[in-house]
Amino acid sequence: QPGDRIVVPRSKDAQSPPSGGERRPAAHPTMSSMNRRHFLKAAAVTGTGLTILRSGTLFGQNTPSKKLNVALIGVWGRGLAHYEGLAKENVVALCDVNELRFPDALKAFPGAKTYIDWRKCLDHKGLDAIVCCTPDHHHAHIAIWAMNRGLHVYMEKPIALSVEEARLVRAEYLKKKDKIATQAGTQRHANPNFARVRELIKDGAVGDLQGVFVWGNRKLPRPGYLAAEGKPPSTLHYDQWIGPSPYHPYNPGYFSGSAGANCLQWNMFWDFGTGQVGDMGAHTMDLAWNAIDAGVPTSIEAKGDAFNPDVTPVELTAHFNHPANDWRPAIRVSWYQGGALPTSPKPWIDLNKIGHGVMFKGAKGVLVADFNTRTLIPAADSSDLTYYKPRKPAEVTPPIGNFQDEFFRACKGNLKTSCNFDYNGLMTEQMALGLAAYRSGKKLDYDGKTGTVTNAAEANAFLKRPYRAGWPING
């Protein structure tokens, strides 16, 4: 994400040509179905213990020492931040719409084969997992196509743009959760502060939770899609970049950003992203989501800038009503962006100075936090904190460690990650519902079981987005 540290490992000067097809890793030997049956029968007789993977390989191939065969889809931009972690695995495929990105990527991963079309890349023989860093409007498609092939999936955020996409991605994962690992790219989740905030809220530091307020201050106004300008260079496969979204003419401005921030050239347009809802909103709402154990909201209302059919709103306020669960009452979760802010709990607290923050309001006090720090404010003289019992050291949530490494360990082990497509899919569905309510201009009642608005049928049109012919989401 913009501002994230990007680490590119050093490599030798030698590089493969852009085709990258001459130097493939050796394939694992396979058994014929006949020999495999005899082998398993013999093993059953002798009592030999076996580990059998999805690919049919044997003998403990899922141990932590095994290297995964991984495809990196989107090798520049956010993809660069994954090079260090991927260097520990076996990168067998690289995919990007810009051929000029391949030489540097092949210096880091000289044995990989290169692809322009991610649909072909996903069928690379022997693939175990993918790391996807494409533009946002490809995310749901790639996630579902990859899971359909039994692949582990690390997907940069947001994992989907629409309510329908979020539900489809989550549903596909839940069908395969005992076979694959998934991770949404909200890497700030690994900050220890996320666990400390959850502990404070769960353990009653603010008393009974009453409301949650989340905000981000980024403003990126745009009048509309960029006008046609010139032709794409022969090395840039622009039609592939457009992918499943409705076609918009080429403009070099879509590609004018730096490696860590090029998403800010296009993610505010409806056909390419969800603006700050899916950008920093995915990170900041995660800080709250981790602490409240919520599902989908039962009602949503939102307001913001005047509707622009091309561009998502800069300023937006959305409210989500969530039912009670087994440890907290019903609560309202609120999202503010682009200058909108919740009311400060005290005159001497300036929320404007917290660029991306969360505030938990409880019966006994308030907790204000950003990604790395937190401040507990008792509400009144009666809030003496005798009702709050800090955890003993042995009870504190252990650190996640490196966020990308957590994903790779899960692929080789218990398949558990901190931001899988169930957890993150529910949060993404909520945020997309905020945009649907904004577009409808009404308070929406939502049935989470059916994924439909029940009080304004016309608003259901805002729960999905159109695709170009030839780009099915379930491929």
Side-chain angles (χ1 to χ4, degrees), residues 1-4 157 186 188-189 191-202 204-221 264 268 274-292 294 297 300-305 312-322 328 331-381 383 385 388 427 430-431 434-435 437-438:
Q1 312 310 325
D4 290 345
K157 56 82 189 162
T186 48
R188 287 175 173 84
H189 194 97
N191 293 358
N193 194 52
F194 278 62
R196 303 293 85 77
V197 165
R198 175 177 171 82
E199 291 162 355
L200 285 166
I201 299 304
K202 285 274 291 185
V206 300
D208 288 340
L209 189 62
Q210 297 175 334
V212 182
F213 310 85
V214 189
W215 67 92
N217 65 0
R218 182 176 284 167
K219 299 179 182 180
L220 294 169
L264 302 182
M268 68 289 300
T274 53
Q276 288 309 299
V277 163
D279 190 352
M280 289 306 298
H283 288 302
T284 319
M285 185 57 72
D286 183 35
L287 182 56
W289 202 251
N290 187 55
I292 62 177
I300 313 98
E301 54 187 317
K303 63 179 182 179
D305 296 335
T312 59
V314 173
E315 183 171 320
L316 177 69
T317 299
H319 303 294
F320 311 93
N321 290 309
H322 287 272
R328 59 155 176 79
I331 57 172
R332 187 172 81 163
V333 177
S334 299
W335 165 250
Y336 305 83
Q337 69 176 50
L341 282 171
T343 302
S344 175
K346 297 291 181 181
W348 39 270
I349 298 176
D350 186 358
L351 299 182
N352 276 299
K353 293 185 177 180
I354 306 173
H356 304 280
V358 178
M359 180 170 63
F360 300 87
K361 182 180 179 181
K364 295 290 188 179
V366 173
L367 180 68
V368 179
D370 61 13
F371 296 127
N372 297 298
T373 60
R374 60 204 175 274
T375 300
L376 179 63
I377 307 164
D381 291 341
S383 303
L385 291 179
Y388 167 63
M427 186 187 79
Q430 175 197 256
M431 297 297 274
L435 286 175
Y438 158 77

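Just the heavy atoms: all of them, side chains too, but no hydrogens, waters or symmetry mates, feed the values below.
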Step by step, would you call I349 with I377 a side chain to side chain contact (heavy atoms under 4.5 Å, CB included)? CA-CA 10 Å; I349 298 176; I377 307 164; 3.0 Å; yes

Using modelled atom types only, decide if a donor and an acceptor are shared between the side chain of D208 and the backbone of A363 within a distance under 3.5 Å. no

If you compare all heavy atoms of G281 against all heavy atoms of M431, which two are closest, and at what distance to 0.1 Å? O-CE, 4.1 Å

Would you indicate whether the side-chain heavy atoms of D279 and L220 approach each other to under 4.5 Å? no

Should the pair D286-R188 be classified as a salt bridge under the 4.0 Å nitrogen-to-oxygen rule? no

Donor-acceptor pair, distance only, cut-off 3.5 Å: does the side chain of Q337 make one with the backbone of W215? no

Just how far is it from atom CE of M268 to atom CD of Q276, taken to the nearest 0.5 Å? 8.0 Å

Apply side chain to side chain contact (heavy atoms under 4.5 Å, CB included) to Y388 and L200, showing your working. CA-CA 9 Å; Y388 167 63; L200 285 166; 3.3 Å; yes

List the steps and the verdict of side chain to side chain contact (heavy atoms under 4.5 Å, CB included) for T312 and V277. CA-CA 9 Å; T312 59; V277 163; over 6 Å; no

Here the pair of heavy atoms bringing L209 nearest to V206 is CD1-CG2, 4.4 Å

Do S383 side-chain atoms and K364 backbone N/O form a donor-acceptor pair below 3.5 Å? yes

Should V333 and P297 count as side-chain neighbours, where that means a heavy-atom distance under 4.5 Å? no

Distance-only polar pair, side chains of N191 and N372, donor-acceptor under 3.5 Å: yes

Does N193 use its side chain to pair, donor to acceptor, with the backbone of T373 at less than 3.5 Å? yes

Minimum heavy-atom distance between P313 and D305, given as atom pair plus value: C-OD2, 3.8 Å

Interatomic distance, E301 atom CD to F320 atom CZ [nearest 0.5 angstrom]: 10.5 Å

dist Q430:CD -> W289:CH2 (nearest 0.5 Å) comes out at 4.0 Å

Here the pair of heavy atoms bringing K346 nearest to A379 is NZ-O, 4.0 Å

Distance, nearest 0.5 Å, that separates OG1 of T375 from CG of D370: 8.5 Å

Any side-chain heavy-atom pair from V197 and N290 closer than 4.5 angstrom? no

Start with the C-alpha distance between M359 and I354, add both sets of side-chain angles, then the distance that settles side chain to side chain contact (heavy atoms under 4.5 Å, CB included), and finish with yes or no. CA-CA 11 Å; M359 180 170 63; I354 306 173; over 6 Å; no

To the nearest 0.5 Å, what is the distance between NE2 on H319 and OH on Y336? 5.0 Å

Side chains of H283 and T186 only: does a donor on one sit below 3.5 Å from an acceptor on the other? no

Nearest heavy-atom neighbours spanning T317 and A340: OG1-CB, 3.4 Å

Should K361 and V212 count as side-chain neighbours, where that means a heavy-atom distance under 4.5 Å? no

Output for pair (T284 OG1, R218 CZ), nearest 0.5 Å, gives 9.5 Å

Of all heavy-atom pairs between R198 and A291, which one has the smallest distance, and what is that distance? CA-CB, 3.9 Å

